[in-house]
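In what follows, a structure is listed as structure tokens, so that the remarks can point back to it.
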Amino acid sequence: MADIESLLKEKRLFAPTREFAKNAYWSPRQVAESRKLAAKSPTRFWARMAKEHVSWFRPWKKVLDWKPPYAQWFVGGKLNVSYNCLDRHLEGPNAWRRNKAAIIWEGEPGDTRVITYGQLHREVCQFANVLKSLGVTKGDRVAIYLPMIPEAAVAMLACARIGATHGVVFGGFSAESLHDRIVDAGARVVVTADGGYRRGAATALKPAVDEAVADADCVEHVVVVRRTGEPTHMTVGRDHWWHERMAGASATCPPAKLDAEHPLFILYTSGTTGKPKGILHTTGGYLTHVAATTQVVFDLRDDDVYWCTADVGWVTGHSYVVYGPLACGATTLMYEGVPTHPAPDRWWSLIERWGVSVLYTAPTAIRAFVRLGEEHPKRHDLSSLRLLGSVGEPINPEAWMWYHRVIGGKRCPIVDTWWQTETGGIMISPLPSSTPTRPGSATQPFPGIDATILDETGREPKPPAGGFLAIRKPWPGMLRGIWGDKQRYEETYWSKWKNIYFPGDGAHRDERGYFWIMGRIDDVMNVSGHRIGTMEVESAIVAHEKVAEAAVVGRPDDLTGTAIVAFVTPRSGFEPDRALASSIRDEVTRHIGPIAKPADVRFTDALPKTRSGKIMRRLLRDIAAGKTEMGDTTTLEDYSVLARLRESEEP
Ligand code: 7RM
């Protein structure tokens, strides 16, 4: 049952260039040494990372206290995340960073801000004092509901400075979603803005906050950043303008000396059923994991301009826009708006103008750019780029090759990084100086991460083979629980096998032992007894020259148990006709075999996605099965897609 067949045959291998290996933060020798140390003693390896990448006020007494499924890392250690991201870049040997850009920000309308480490430190201290003046103390929760503006990072770091636990809620979520998260976390303060810019227009945020807090008794104050300047209703006594409060705030605020296990943030992630889970992360282990992986996986150096395109409302924004890069003393770029405003080349223009050297983005964005055509990136000088990253979904080999050729100019290594909100940081990824990459594979676990594949009974099949992804040992960035729901934590992640973490993903390991993540296990289809990952069929379909994007699901079938249904978006300029449907089936047969040939090919101009770009296959399954009642659709990016999908049919 557990075997997930891998039918894709991707054999291309891209070795790191000698040039890259020579200059890397971790040379191939250091990679080999780290792997050796981590294999022998993961705790000694992580202790080394904690010493190298994090500054401590007081050293820990014990690296790991593991009472399954509860881990405590760096027990007895004291530190502060905001000190690590700011103060330590202003003193001692790194004092020169005071005037280095910490954040380069560009608003959608084209306004820009460059904030140095010295300035960021000042703003964070001031806002920490604003929070204190509103009665926020250590352990209190603060909700952050902001667009992609620097104040989002300032608010997060200010919470971290005084030991308040933040809960960032993506600015695209509705008032109802915001309400549920505020109430579940018991937030005393909400930090928001009048609005932000998206697709060329000012979109209001404050009305959603007013609605969300109307019957949320826990909320005492709301702080509002003025971003758009649109008329905004303020409730006297409860609501305060950010700029007014900041004007009177002192810029002196000593960082709280916090326990390594002090709660840093709660981030909500939707489960397959029921209400969203508040994933809890703490201080010392989390920072060690994200600082080390940022430095090593992205090969970050002081002269890099690093751009992770994720929103701060998503875990990637926490770990790899804010905490990881700032802990490394790097320059991190933030962009407020959509990739296609005012024109489809906005991202490439940003990269050219700011000299971005490391780009970290999601396959969904890459596929959207493939669809828009190469002429847009081709108009720009992208030669500043030296490393590319991918996260969020399996990247199909077709998109990988396009990223490599068109964006990376065939010279940049690509790190395909697998991880989750729950894991805190990167778990499986190439190390750019050393790992030969294969398009579509996240390759190998990071040192100190004991990842493998297991079957239902906990047996480890010998590669090449498929199975459930499993993490056998605790790691520093792991979630410490689900806020307020111990039982759900134990059941969701720790009940499949004894003392082994189950991420919910299926994976295949090839003859090199490389990992090929097949996505959520609920996305695996069983066709005539063959377990086929949706991702493989999608990869084959997207390899068709006239196809931009595809999502594949199963629907019940009397004969085969499950029949494959493909929802396909053609590239612009190509007719969605019968000839195309039939040549798509041929393409799948050629790449995988007739077993994977879709029974239905339905053309559509858009697919239902979450706001972080993941395809909502659950909804497609309902549509494919002809259901009209949909489950939870609150995370859907664009509601109108559903109606159009229901009408899509085989030509
Ligand atoms: C970082 C993030 C987690 C889920 C995870 C997977 C999928 C993420 C990859 C991937 C294949 C990857 N956090 N996923 N990265 N699948 N290759 N490189 O995305 O909590 O929002 O999602 O995303 O299914 O379980 S998340």
Side-chain angles (χ1 to χ4, degrees), residues 4 6 8 10 168 170 265-272 276-281 289-290 293-294 297 308-321 323-324 360-367 388-397 399-400 403 414-430 435 437-446 449 451 453 468-471 477-479 482 492-493 501-509 514-524 533-536 538-539 609-618 635:
I4 295 156
S6 185
L8 263 185
E10 176 59 65
V168 181
F170 178 69
F265 67 85
I266 302 166
L267 186 62
Y268 287 85
T269 172
S270 46
T272 36
K277 302 176 287 222
I279 304 299
L280 176 67
H281 283 288
H289 189 165
V290 302
T293 49
T294 304
V297 173
C308 167
T309 64
D311 191 282
V312 289
W314 186 29
V315 71
T316 309
H318 285 60
S319 301
Y320 298 107
V321 174
Y323 290 124
Y360 189 31
T361 192
T364 180
I366 299 165
R367 286 193 299 266
L388 304 174
S390 171
V391 62
E393 278 180 290
I395 178 164
N396 48 296
W400 197 102
Y403 199 27
I414 297 181
V415 291
D416 174 0
T417 61
W418 177 86
W419 60 293
Q420 308 175 295
T421 305
E422 292 87 340
T423 69
I426 292 168
M427 302 289 277
I428 304 180
S429 167
T435 318
T437 54
R438 220 165 227 186
S441 172
T443 74
Q444 297 171 315
F446 191 79
I449 301 296
I453 49 169
F468 301 109
L469 194 55
I471 317 290
M478 69 187 264
L479 76 164
I482 294 175
T492 310
Y493 306 110
Y501 175 82
F502 176 48
D505 283 357
H508 177 86
R509 295 184 74 176
Y514 277 15
F515 286 78
W516 298 75
I517 313 295
M518 322 282 293
R520 312 298 303 168
I521 204 73
D522 1 298
D523 292 343
V524 175
T534 54
M535 179 254 174
E536 295 190 275
E538 287 161 9
S539 272
K609 291 190 187 163
T610 65
R611 294 182 162 103
S612 62
K614 294 190 211 298
I615 295 168
M616 294 180 77
R617 290 198 184 70
R618 178 170 54 82
T635 53

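Order of appearance sets the numbers: ligands from 1, and atoms from 1 within every ligand.
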request  = Fit a plane to each ring of F468 and F502, take the angle between them on a 0 to 90° scale, and name the class: parallel (under 30°), tilted (30 to 60°) or perpendicular (over 60°).
outcome  = perpendicular

inquiry  = Would you call the rings of Y501 and Y493 parallel, tilted or perpendicular, taking 30° and 60° as the class edges?
reply    = parallel

message = Under the rule for salt bridge (charged side-chain N to carboxylate O under 4.0 Å, His left out), what residues qualify as partners of D505, not counting sequence neighbours?
response = R520

query = Taking only residues two or more places apart in sequence or in another chain, which ones pass side chain to side chain donor-acceptor pair (under 3.5 Å) with W314?
reply = none

remark   = Residues at least two apart in sequence or cross-chain that pass side chain to side chain donor-acceptor pair (under 3.5 Å) with K609, listed by chain then number, are T364, E549

inquiry  = Any salt bridge linking R367 with E538? Criterion: basic side-chain nitrogen under 4.0 Å from a carboxylate oxygen.
reply    = no

request  = Can you tell me which residues line ligand 1 if we count any heavy atom under 4.0 angstrom from one of its atoms, in chain and number order?
outcome  = W314, V315, T316, V391, G392, E393, P394, D416, T417, W418, W419, Q420, T421, D505, I517, R520, K614

